[in-house]
Amino acid sequence: MTDDQVIDMLEDTFLDATRCQLETLSTILERNGGVSYLQPYLRGYSAPLDAATFRSVVPLSCYDDYANHISKLADGVLEDDHGQPRLSVDPLLCFFYSSGTSSMKPKLIPCFDSKPGRAVSSLAHQGSAAILKRSFPPRSSANKVLGFLYAGNVTHTKGGFMAMAATAFPLYSNNPNASRFLSGYVSPKEVFLGTDVKQQMYCHLLCGLRHFDLIDGIRAPYAAGLIKAFVLLETHWKKLSEDLENGLPSSEVSDPAMRQSVIEILGGPRPDLSERVRLICEETSWGGILGKLWPNARYVKSVTSGSMVQYYPKLKHYAGKISILGSDYFASECCVAINLDIVQPPERTSYVILPTAAYFEFLPYDVERSCVKDEQTVELSGLEVGKLYELVVTTFRGLYRLRLGDIVKVVGFHHTSPQIEFVMRAPKNSAEIITEKDLLSSMGSFQLLLRDELAAEVLEFSSFMDLESEQKKLKIFIEVKDESTLLQNDKFTKSIDALRKCCSVLEDGLGVIYQVMKARGEVGPLSVSIVKPGTFDGLLDEAIKNGAPASQYKPPKIVRNCKLVDYLESSAVLSL
């Protein structure tokens, strides 16, 4: 299909979203109504099952409800004791790691080779590419992407199935489009497949600088990944310049396959390119640096909404006049929604629900109580503009009425399909008295004041609700750029006073529930710790060690794992 035909096909699904939803649910149940997971609920009901009956007899679910089935599938036990397929009648291809960060170990999402599921996923991804090409028509000269993707941590389960990030799937599948996928990037395959993220990031930058004139766009799944790459560029540009001059990557690039492939890309010493990088990066300001290093680049693309919104100002600083584009709302469980207007900034980024991608339900969310109102879901046709909901999905990947834990706001309709904004991840339990949104908002005020008071820049932060102390106590851990300047003897008293002032502003912005509980004396004083440099890199390293995909890693804003809290507390250099 042409790009116009793909977009027309997408638009057709938006014209009668309710009909598409009912057909989607019917297709899923027609194929998988007899699987082991559903049988206890559907036994005795004759097919075809209508949507209302499905919602009344099949309970809402969370990942733990599938854990036993997924464990058995991973071990190669595809059927239950009665010979019924566990979650889907379709062949199991592999497992995708979820991109959540609340636990040390990532969840495994089974990927079944479902023909209808494959078709809707293909349409979503083709549609996304067509929308990009509509805004930025392809050029014959600058036609490469500098992409910060990492396919490492691909493992095999006991049953012999691969487990990987969804973004790595094109690199490992036998799909003939895999080579075409790779041909669009400036880095060779061996860099994507490397196993050391810092080496891979360095090599991506080196390949991008070697062929600077070919770069049309810069991409990563999440804005956090882009910022990490540009910080590496800021600290290692001299070494990158030397590598261009020598025609060899740094000795720190030790992976043999990656090293050899980059040597071939470099094509020998290039002192002219080395000098070019040196002259650009020696400038005092790094505002607009991406456009200087890659003058033909037209866009930078990644997720900048939700918890990624904190990275947008820094990304904008690096990008200068280059357009920053939002990505789509594609989860490991299914493609949820598509971004039809990719040039909007994060505060105006919205997504249109894909009514053929899954069967969607919505749990009305109570903002005042920070929880869903009850377990009665609303169908797509019953949504109200301006209201918040938690997403529930029934997918072609063997997940039924699964609560995604994502809170979205309905901001309108595109034809008949809801247009939503991603708001935040849902609190895990009633003990969590602040939300990600509360934290991001209050930290935004904190960062502005810290910059004014101490000319300091926040690099990363996270929080933890301590329930073990006499009173509940919220702890916030903050990594600051050049934190040592805050602690110098001659500035120490001034720094402490300024930090206390900033912390007061931070606490005042932590949401209604926090303020009410604080006034009642149910919450103790806020604890703020400045942690040593590299602390949050350590969290990433630990997550990768435990199997999390680097491409999809999202620094946790609310930490729930005690081991991570112990690590953060041990890294504190100053606590208030």
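All values derive from a computational prediction rather than experimental measurement. The analysis underlying the following values was restricted to heavy atoms, covering all of them including side chains, and did not include hydrogens, waters or symmetry mates.
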### Task
Compare all side-chain heavy atoms of Q21 with those of L25 and state whether any distance is below 4.5 angstrom.
no

### Side-chain (Q515) to main-chain (D508) donor-acceptor, under 3.5 angstrom
yes

### Atom CD of Q376 with >12 non-hydrogen neighbours under 6.0 angstrom
no

### Task
Taking all heavy atoms of L450 and all of V458, pick out the closest pair and write down the distance.
CD2-CG2, 3.8 Å

### Query
Do any N or O atoms from the side chain of S121 and from the backbone of G117 form a donor-acceptor pair under 3.5 angstrom?
no

#### Entry: Residue pair V343 / L325, side-chain heavy-atom distance below 4.5 Å
yes

### Query
Do the side chain of S128 and the main chain of H125 share a donor and acceptor less than 3.5 angstrom apart?
no

### Query
Is there side-chain contact between K198 and D537, with heavy atoms separated by less than 4.5 Å?
no

### Query
So, does S462 use its side chain to make a donor-acceptor pair with the main chain of P556 at under 3.5 Å?
yes

### Query
For N339, which residues count as a side-chain hydrogen bond (donor to acceptor under 3.5 Å, both in side chains) partner, sequence neighbours excluded?
none

### Task
Would you confirm whether S570, through its side chain, and Y567, through its main-chain N or O, come within 3.5 Å as a donor-acceptor pair?
yes

#### Entry: Non-hydrogen atoms of C334 and R397 that approach each other most closely
N-NH1, 4.1 Å

### Query
Do the rings of Y400 and Y37 sit parallel, tilted or perpendicular, given the 30° and 60° boundaries?
parallel

#### Entry: Distance, nearest 0.5 Å, that separates OG of S463 from CE of M443
10.0 Å

### Query
Are the charged groups of K557 and E460 less than 4.0 angstrom apart, N to O?
yes

### Query
From L568 CG over to I478 CD1, what is the distance, rounded to the nearest 0.5 angstrom?
11.5 Å

### Query
Can you find a heavy atom in the side chain of R86 that is under 4.5 Å from one in the side chain of Y66?
no

### Query
Looking only at heavy atoms, what is the nearest atom pair of I109 and S332, with distance?
CG2-O, 3.9 Å

### Query
Hey, is K554 close enough to E436 for a salt bridge, meaning N to O under 4.0 Å?
no

### Summary
One should read off an interatomic distance between F464 CZ and N561 CG, to the nearest 0.5 angstrom, of 9.5 Å

### Query
Does a side-chain heavy-atom distance below 4.5 Å link Y389 with L391?
no

### Query
Hey, mind stepping through F230 and L290 against side-chain contact (heavy atoms from CB on, under 4.5 Å) and telling me if it holds?
CA-CA 9 Å; F230 300 148; L290 302 185; 3.7 Å; yes

### Task
Determine, stepwise, if the pair M308 / S302 fulfils side-chain contact (heavy atoms from CB on, under 4.5 Å).
CA-CA 9 Å; M308 294 295 119; S302 70; over 6 Å; no

## Note on the structure
Closest non-hydrogen contact found for L440 with S307 is CD1-CA, 3.7 Å

## Note on the structure
From the list R451, K314, Q447, side chain to side chain donor-acceptor pair (under 3.5 Å) with E457 holds only for K314

### Query
CG of L574 to CD1 of I496: how many Å apart, nearest 0.5 Å?
4.5 Å

### Message
Just verifying a value: how many Å separate L510 CG and M517 CE, rounded to the nearest 0.5 Å?
### Response
13.0 Å

### Query
Looking only at atom types and distance, does a side-chain atom of T24 sit under 3.5 Å from a main-chain N or O of C20, one as donor and one as acceptor?
yes

#### Entry: D438 and T435: side chain donor to acceptor below 3.5 Å
yes

### Task
Count the heavy atoms of every other residue, nucleotide or ligand shown that sit under 6.0 Å from NZ of K301, and state whether that count exceeds 12.
yes

### Query
Would you call D406-R425 a salt bridge at under 4.0 Å N-O?
yes

### Query
Are the side chain of T416 and the backbone N or O of A17 linked by a donor-acceptor pair below 3.5 Å?
yes

### Task
Give a yes-or-no answer on whether the side chains of Y299 and R219 include a donor-acceptor pair shorter than 3.5 Å.
yes

### Given V528, L474, L526, I476, the one that forms side-chain contact (heavy atoms from CB on, under 4.5 Å) with E507
L526

### Query
With sequence neighbours left out, what residues match D366 under salt bridge (Lys or Arg N to Asp or Glu O under 4.0 Å)?
R369

### Message
Does the structure place the NZ or CZ of K387 under 6.0 Å from the centre of the six-membered ring of Y365, at an angle of no more than 45° from the ring's axis?
### Response
no

#### Entry: Main-chain N/O of F536 paired to E479 side chain as donor or acceptor, under 3.5 Å
yes

Hey, can you pull the donor-acceptor pairs under 3.5 Å for the side chains in residues 355-364, sequence neighbours left out?
residue: Y359; atom: OH; partner: R55; partner atom: NH1; Å: 3.1
residue: Y359; atom: OH; partner: E379; partner atom: OE2; Å: 2.8
residue: E361; atom: OE1; partner: T377; partner atom: OG1; Å: 2.6
residue: E361; atom: OE1; partner: R401; partner atom: NE; Å: 3.3
residue: E361; atom: OE1; partner: R401; partner atom: NH2; Å: 2.7
residue: E361; atom: OE2; partner: R401; partner atom: NE; Å: 3.0

## Note on the structure
The reported gap from CZ in F148 to CD1 in I227 (rounded to nearest 0.5 angstrom) is 11.0 Å

### Message
Per the ring-ring contact (aromatic ring centres under 6.0 Å, His included) rule, what does the pair list look like for residues 404-457, sequence neighbours excluded?
### Response
F14-H414, Y329-F422

### Query
Are side-chain heavy atoms of V505 and C502 found at a separation under 4.5 Å?
no

### Minimal non-hydrogen separation, F330 against C335, with atom names
CD2-CB, 3.7 Å

## Note on the structure
Taken in chain and number order and not counting sequence neighbours, the residues that satisfy side-chain hydrogen bond (donor to acceptor under 3.5 Å, both in side chains) with S529 are S575

### Query
Would you say I544 and Y553 make side-chain contact, with heavy atoms under 4.5 Å?
no

### Query
What residue pairs, at least two apart or across chains, pass salt bridge (charged side-chain N to carboxylate O under 4.0 Å, His left out) with a residue in residues 326-348?
none

### Message
Any donor-acceptor pair under 3.5 Å linking the side-chain atoms of Y351 with those of S305?
### Response
yes

### Message
Any non-hydrogen side-chain atom of L402 less than 4.5 Å from a side-chain atom of T395?
### Response
no

